[in-house]
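Chain letters run A, B, ... following the sequence lines, proteins first and then strands; every chain starts at 1.
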Amino acid sequence: MNLKLYNSLTREKETFTPINEGRIGMYVCGPTVYSDVHLGNCRTFVSFDVIYRYLLHLGYKVRYVRNITDVGHLLDDGEDRMSKGARLNQLEPMEVAQKYANGFHDIMRIFNALPPSIEPRATGHILEQIEMVQQIIDNGYGYEQNGSVYFDTMKFIAENDNVYGQLSGRVVEDLLSESRDNLKNQSEKKHPADFAIWMKASPEHIMRWNSPWSVGFPGWHLECSAMSTKYLGKTFDIHGGGNDLKFPHHENEVAQNVGSCGHAPANYWLHTNMLLMNGKKMSKSDGNTISPTELFTGDSPHVTKGYSPMIVRFFMLQSHYRSTLDLTDEALQAAEKGYRRLMEANRVLQDLQAPANASAGELDKEINDIIDQAYAEMNDDFNTPRALARLFELVTRINGLKDGHLPAEEVSTPTLSLLKETFRIFIFDLFGLKDEIEGSDNGQGLTNGLMNVILNIRQDARANKNWATSDLIRDSLKDLGIQVKDGKEGATWTVE
RNA sequence: GGUUGGGUGGCCGAGUGGCUAGGCAGAGGUCUGCAAAACCUCGUACGGCGGUUCGAAUCCGCUCCCAACCUCCA
């Protein structure tokens, strides 16, 4: 089985071959920490978390680098996002960055996303960025104007065939017609498609560093070029990010890397699609947004109730990372039911015992085939919705085995073990889900014991046809959010 | 206007020349003291108009509609 992934660069699915066998370098553009992280960002990082987890599962040694941008994003009025956040809250820019970086990490932990191997910050790599600017100038692709340095896009295009525009499909002629004059220092550029790699700081600009050209700050696109090169080399395996970064950010990044060292940064570019709400991109800037916390608590006009982090994660897994995903209350309710069904089936499965006379029959083959298919889906560009579908096909089998509908003796002991292991691997290791029912119970031993006592009393009542008592117990537990399920082997319970 | 990607059953969402996606909701049934859960069965969808083909939701053309990017955003 080999891994295929969709390369934005070629717009085709390609067989993945790492530069160094057994090792993968992966760079993902992280958040700009000027305000609370929003749910759209989370979707992208959850998507890459699953990709990271799957690559690890395949046995690769992965260096996963995800940056934090804490300087360089300019607003329309030319003010840096970080500076503005600092001014408004009377904080040091670094305090703003730290505050929201902390919040971002908290939310990532809540979503059960693994931390990256390295999480570099733009402000921690000013020297590397200055060096890269110098290299670009030395190679003839950068020019200075009044202390700012710009990338000479037209010259780069003229001297490097088919590099600029390959990612986004832009062509020079279109760029020519895209003259916009509302950007600061626009007049300093030789061409509208040129972009700043070093900006001279205006007097009131508080984020500033010394450089050969001026006291100023690096351009936005530069940080990723400099930091990916530093930690992953001039060319590495995978570069990822949100679709909205394709142009201009990633296009300019490629130009900077090629312009400074003659190498394209990455062999494979992966882009995640946008999270929508009401059919429109979820976005901080236009207010069409819901924060992770609001979604968890239900404190938002967009949802009728709160949805736990794992339900939201499950919801995201139900769509492919390259497709848009429309967030609606109805879809979340469906995800909640589906998530519970999957978790419940896993609990049932882990308790399943193979009968003594078990041997591989028709059902055994069926289960093995579905397991193989589930891995094949993941190998096909990390197709989590299809892999999930395979898991649900197994859920039907698991429940059938449990209630005796399907012949347990047709499933061999090794296959049952494999099924149990596969479920654990997919749900917990690859999808990164947690069983919130089990996880939320700190005193589980005690709770289990108490529940056994209660259910035994109810069983006695039922044996005596004392329906009033048995229903009282069931209804009272239901009020506490505990659901009692009567089965052939007695009653079981789950937290709703 | 340019670039890119879409329009799939009540909802979400896969798929891609012939073979069941899956989840949720709905209908009928089994089980149960009743209920819940679970299991079984069911609906037969692919924007519109043409074309290619033995056969298209899947390929081609035209057309309508939507979104993202082109300005900070994952």
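When heavy atoms are screened at a 4.0 angstrom cut-off, A:G40 is found touching base atoms of the nucleic acid. Counting non-hydrogen atoms under 4.0 angstrom, A:K478 reaches nothing in the nucleic acid. At the heavy-atom level, A:L325 lies under 4.0 Å from the strands shown only through sugar-phosphate atoms. Using a 4.0 Å heavy-atom distance criterion, A:A331 is classed as a sugar-phosphate-only contact. Residue contacts shown for A:S470 include a base, since a base heavy atom lies under 4.0 Å away. Contacts of A:Q333 with the nucleic acid, taken as non-hydrogen atoms under 4.0 Å apart, are absent. Within 4.0 Å of A:S323, counting heavy atoms only, lie sugar-phosphate atoms of the nucleic acid but no base atom.
Heavy-atom distances under 4.0 Å link RNA chain B to no residue of residues 105-120 of chain A. Near RNA chain B, meaning a heavy atom under 4.0 Å away, the residues from residues 402-411 of chain A are A:D403, A:H405.
Taking the six-membered ring for Trp and the full ring otherwise, A:F296 and A:Y307 have centroids separated by 6.0 Å or more. Residues A:Y54 and A:Y375 keep their aromatic ring centres 6.0 Å or farther apart.
B:rA38 is paired with B:rU30 under the Watson-Crick or G-U wobble criterion, all donor-acceptor distances under 3.5 Å.
Scanning atom types as modelled, one donor and one acceptor separated by under 3.5 angstrom connect the side chain of A:D471 and the base of B:rG33. Within 3.5 Å, a donor on the side chain of A:R474 pairs with an acceptor on the base of B:rA35, or the reverse.
Between the side chains of A:Q256 and A:N252, no donor-acceptor pair of N or O atoms lies under 3.5 Å.
Using a cut-off of 4.0 Å between Lys/Arg side-chain N and Asp/Glu carboxylate O, A:D49 and A:R313 are scored as salt-bridged.
Stacking annotation: A:W467 is stacked on the base of B:rG33 (ring centroids less than 5.5 angstrom apart, interplanar angle below 30 degrees).
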